[in-house]
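Worksheet: one structure, shown below.
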Amino acid sequence: MPPTLYRVTNYTLRHLIENIEGGRIGLPDIQRPFVWSAAKTRDLFDSMYRGYPIGSLMFWETGAEVGTRQIGTEAGDRAPQLLVVDGQQRLTALFAVLTGRKIVTKSFDEINVRIAFRPEDQTFEVTDAAIERDAHFIPDITALWDRGGYKSTVRQFFGRLAQTSGQPLSDEVKDQLEERIYWVRDLHDFHFQVVELGASADEEQVADIFVRINSEGVKLNQSDFILTLMSVHWEKGRRQLEDFSRDAVIAGLPGPSPRNAFLDPSPDQLLRVAVAVAFRRARLQHVYSVLRGKDLETGKVTAERRQQQFDRLAQAHTKALDLENWHEFFQCVTTAGFRSRKMITSDNALLYSYTIWLIGRHDFGLTADELRPVIARWFFMAHTTGRYSNSPESQMEFDLGRIGSLPSGDGRAFTAELDRIIAANFTGDYWDISLPNRLDTSSSRSPVLFAYQAALNILDAETLFGDQRLRDLLDPSVKPARTVDRHNLFPRKTLAGLGVADRRQVNAIANMAYVTWPEGEQSRADAPHEYWPRITDAMDPEVLQRQMRWHALPVGWEQLDYFTFLERRRRLIAKVVQEAFETLTGERPAYVPTTPADMIAAGESQATEFKASARWNVYTRQADKSLRHNIVKAVCGFLNGEGGNLFIGVADDGTLLGIGNDLATLESQASVDGYELFVRQLLDSNLSAPTATTVRVRFPEVSGNVVCQISVAAAGRPVFARPAKGGNGATDFWVRVGNATKQLHGDDLVRYKEEHWG
């Protein structure tokens with residue numbers, strides 16, 4: 001039998017409190033948001049009073065020797081020998097009530113947890129104003145554990161009870177009630193079973209054990225362990241993260257604060273930023289071991305190495321929490337046209353863009369003014385395309401790798417690399433095909449809708465029929481006299497008369513616009529061909545022309561068939577977004593598509609994939625029908641992602657092979673036209689949606705080799721592929737993630753559909 005990683009011990013509650021106060025047991029949550037309700041604390045005391053089991057606790061030996069000083073602190077700040085892994089909320093509740101210490105609520109208010117006890121029927125309640133006045137309650141049981149407070153509390157209780165009843169209490173009643181009160185006080189001798197994990201257990205084992213014994217199934221993640229490690233060796237650093245998070249939420253603090261219009265950060269989010277800046281890692285998998293002072297090659301842990309790594313983290317931590325950096329970054333978000341958190345669908349887009357801002361500022365020497373336009377462009381791209389929505393760590397690792405290969409201090413190279421990545425995502429096909437397709441939704445939380453709103457802010461657009469600037473109306477600091485919401489251009493009543501009742505079609509993004517209706521018009525339900533000429537006849541032609549451009553209204557739109565109108569307006573909205581984005585460059589450049597040779601040279605990525613062949617097996621040297629499914633899967637992944645390019649005739653390492661062998665298998669149709677026909681038929685027979693408008697097939701010659709380039713635009717709705725074997729229906733859902741194509745099932749599929757398409 002292998003050795004166990006734990007031992008089981010017993011602690012009394014009194015012993016636990018003493019060890020927490022003495023610093024041997026680390027209970028960092030006493031100063032952090034307490035997520036339990038007061039009612040749960042009441043129920044905990046009631047269960048203990050009745051002798052019910054309340055579950056075991058789990059501690060983890062930190063490996064810190066007695067007297068070890070925390071990093072960067074005075075000699076009095078010692079590292080705890082045990083950390084509470086499971087039972088933090090229970091211990092926080094008990095510690096707060098028995099000691100009278102304040103706890104911090106979710107809204108960062110400091111309060112006392114006050115629990116009342118009614119000896120007559122032996123019940124516990126959460127103290128409120130009515131209980132305070134009720135003589136039958138001891139309103140705050142904390143007094144029972146105060147030094148010298150027990151006897152005076154009992155006397156006061158008896159006095160109030162006698163006064164209320166109008167007669168003295170008998171000795172028999174006093175004895176009975178006091179016995180019950182003493183039982184409450186005696187809870188400090190309540191015994192807890194504690195599972196103590198040894199210091200030899202690593203974070204993965206601790207996480208696994210936690211999940212297996214925790215009835216609520218809560219899963220610990222890597223950031224939990226790093227924050228825990230900070231509690232042992234650098235409590236000051238963890239507290240700074242929490243103070244920063246708290247100050248970002250509380251309004252009206254005197255002096256500068258991290259409060260902003262876009263994000264209420266959490267400590268683990270800020271930690272991720274600092275880790276990415278310090279170690280150029282988005283995945284936290286190995287960061288915990290690095291911070292412990294572990295040499296990843298030898299496995300040896302040393303205090304010296306731990307000190308070095310924490311020093312490195314501390315430098316990045318200081319940069320991430322610097323208020324000037326923080327607010328300068330949000331200026332970039334505002335420059336990108338975003339005005340408030342209502343327009344933000346991805347906190348990751350903010351956090352990772354902030355990471356890149358910090359790297360540009362401190363490692364590449366760019367000024368805030370130089371960074372503002374490029375980071376505005378980066379955030380606009382990342383948020384609009386959902387760059388960090390699915391497998392965000394993998395994508396950020398890729399981005400950090402691209403930046404990490406640049407010469408340190410070369411600000412021009414940094415800016416040029418970001419712009420290269422932006423251009424690879426915002427291609428001509430993206431503006432012409434992908435973005436209009438993604439606008440085919442009614443979601444009020446779609447990233448592409450907010451991209452359009454941001455574009456209207458950048459262009460300083462007015463509301464339709466009005467003179468108010470949208471950027472003012474969307475500014476959270478401005479309180480307009482009359483709110484302006486999005487309204488249906490084709491009213492519901494009109495569409496119902498046309499037989500269009502589906503909510504998704506009625507509330508399609510392309511049917512909604514920010515409108516300031518003239519007096520008396522909003523309550524009407526006229527068709528566009530009725531209200532449009534009536535309203536616009538009185539408008540200045542120049543004003544009308546620019547508002548039609550901003551609000552993407554096709555010429556003669558009011559006379560169009562509804563679905564034709566939606567299709568044309570989606571294309572025009574995409575052009576407005578493109579126009580606004582191009583103003584962020586300070587010029588209006590013509591977009592030059594990246595050449596196939598450049599794409600292949602850059603290697604596989606989120607937007608590029610290579611396949612050696614589609615028909616000819618390069619290993620067996622013969623035709624192989626099984627290869628065709630790889631093409632279907634890859635195209636399906638791009639359709640469900642952000643689009644991209646599939647190159648057939650290119651090996652995984654970028655070696656050019658050409659499609660000569662594939663062409664030979666076509667026999668009488670051995671031409672690029674025959675090959676395109678093969679690709680089209682393959683896709684249309686194996687995917688759940690036609691690809692005529694989303695897939696382009698080209699045959700560029702690269703270094704003397706003809707390859708097949710399949711350019712795929714993002715689909716406006718989910719696309720499924722037929723399985724490789726068995727089944728007639730298209731049931732498999734594939735999506736491009738990083739440089740791989742991944743199949744999603746069940747809850748992951750449902751979640752992705754909601755986040756990606758709304």
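Here the side chain of Ser446 pairs no donor or acceptor atom with the backbone of Ser442 at under 3.5 angstrom. In this structure a side-chain-to-backbone donor-acceptor pair under 3.5 Å is present from Ser152 to Gly149. In this structure a side-chain-to-backbone donor-acceptor pair under 3.5 Å is present from His327 to Ser257. With hydrogens and angles ignored, the 3.5 Å screen pairs no side-chain donor or acceptor of Ser47 with any backbone N or O of Tyr52. Within the 3.5 Å criterion, the main-chain N or O of Leu197 finds no donor-acceptor partner in the side chain of Trp60. The closest donor-acceptor contact from the side chain of Thr41 to the backbone of Ala93 lies at 3.5 Å or more, if one exists at all.
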Report, one line per pair, each donor and acceptor closer than 3.5 Å where one atom sits in a side chain of residues 176-185; sequence neighbours left out.
| from | atom 1 | to | atom 2 | distance (Å) |
| --- | --- | --- | --- | --- |
| Arg180 | NH1 | Pro119 | O | 3.0 |
| Arg180 | NH1 | Glu120 | O | 2.9 |
| Arg185 | NE | Leu144 | O | 3.3 |

Compile the donor-acceptor pairs under 3.5 Å between side chains in residues 155-163 and protein atoms, sequence neighbours left out, one pair per line.
| from | atom 1 | to | atom 2 | distance (Å) |
| --- | --- | --- | --- | --- |
| Arg160 | NH2 | Glu132 | O | 3.0 |

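Dense packing is recorded around CG of Asp121, with more than 12 heavy atoms of other residues, nucleotides or ligands lying under 6.0 Å away.
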Problem - side-chain contact (heavy atoms from CB on, under 4.5 Å) assessment of Phe59 paired with Asp86 - result: CA-CA 7 Å; Phe59 296 168; Asp86 188 21; over 6 Å; no

Problem - Asp243/Arg246 under salt bridge (Lys or Arg N to Asp or Glu O under 4.0 Å): CA gap, chis, key distance, verdict - result: CA-CA 5 Å; Asp243 290 346; Arg246 181 196 64 230; 2.9 Å; yes

Exercise for the section: Just do the side-chain contact (heavy atoms from CB on, under 4.5 Å) check on Trp145 and Thr99 with the steps written out, would you? Expected result: CA-CA 7 Å; Trp145 295 284; Thr99 65; over 6 Å; no

Practice task
Starting from the C-alpha separation in whole Å, work towards a yes-or-no answer on side-chain contact (heavy atoms from CB on, under 4.5 Å) for Arg90 and Phe192.
Solution key: CA-CA 11 Å; Arg90 277 172 288 167; Phe192 285 81; 5.8 Å; no

Exercise for the section: Could you please spell out the steps behind the side chain to side chain donor-acceptor pair (under 3.5 Å) verdict for His383 and Thr345? Expected result: CA-CA 8 Å; His383 190 270; Thr345 63; 3.3 Å; yes

Practice task
Take Arg14 and Asp189, measure what side-chain contact (heavy atoms from CB on, under 4.5 Å) needs, and give me the verdict at the end.
Solution key: CA-CA 6 Å; Arg14 188 207 313 256; Asp189 288 326; 2.8 Å; yes

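Taking the six-membered ring where tryptophan is involved, the planes of Tyr49 and Phe117 are tilted, since the angle between them lies from 30° to 60°. The aromatic rings of Phe330 and Phe262 sit parallel to each other, their planes meeting at less than 30°, with 60° as the upper class boundary.
Taking 4.5 Å as the limit, some side-chain heavy atom of Asn260 sits within range of a side-chain heavy atom of Leu263. By the 4.5 Å heavy-atom criterion applied to side chains, Leu350 and Ile344 are counted as neighbours. Taking the side chain as every heavy atom from C-beta outward, Phe190 and Thr12 never approach each other to under 4.5 Å. Residues Ser37 and Lys40 form a side-chain contact, since some pair of their non-hydrogen atoms from C-beta on lies under 4.5 Å apart. Residues Gln193 and Leu57 have side chains not in contact (no heavy-atom distance under 4.5 Å, counting atoms from C-beta outward).
The closest side-chain donor-acceptor pair between Gln307 and Asp311 falls under 3.5 angstrom. In summary, the side chains of Ser394 and Arg283 do present a donor paired with an acceptor at a separation below 3.5 Å, with no hydrogens or angles considered. Side-chain atoms of Tyr6 and Glu196 form no donor-acceptor pair, as typed in the model, at a separation below 3.5 Å.
Among all heavy-atom pairs drawn from Ile25 and Leu16, the shortest one is CD1-CD2, 4.0 Å.
A cation-pi arrangement is absent between Arg42 and Phe124 under the rule of less than 6.0 angstrom and at most 45 degrees off the ring axis.
Judged as a salt bridge (Lys or Arg N to Asp or Glu O under 4.0 Å), the pairs with a partner in residues 338-350 (not counting sequence neighbours) are, in order, Asp264-Arg341. Pairs passing the salt bridge (Lys or Arg N to Asp or Glu O under 4.0 Å) check and including a residue from residues 136-151, sequence neighbours excluded, read Arg114-Asp140.
By the side chain to side chain contact (heavy atoms under 4.5 Å, CB included) test, Arg24 pairs with Tyr11, Asn19, Gln81, Leu82, sequence neighbours left out. Looking at residues two or more places apart in sequence or on another chain, you find a salt bridge (Lys or Arg N to Asp or Glu O under 4.0 Å) between Arg751 and Asp748.
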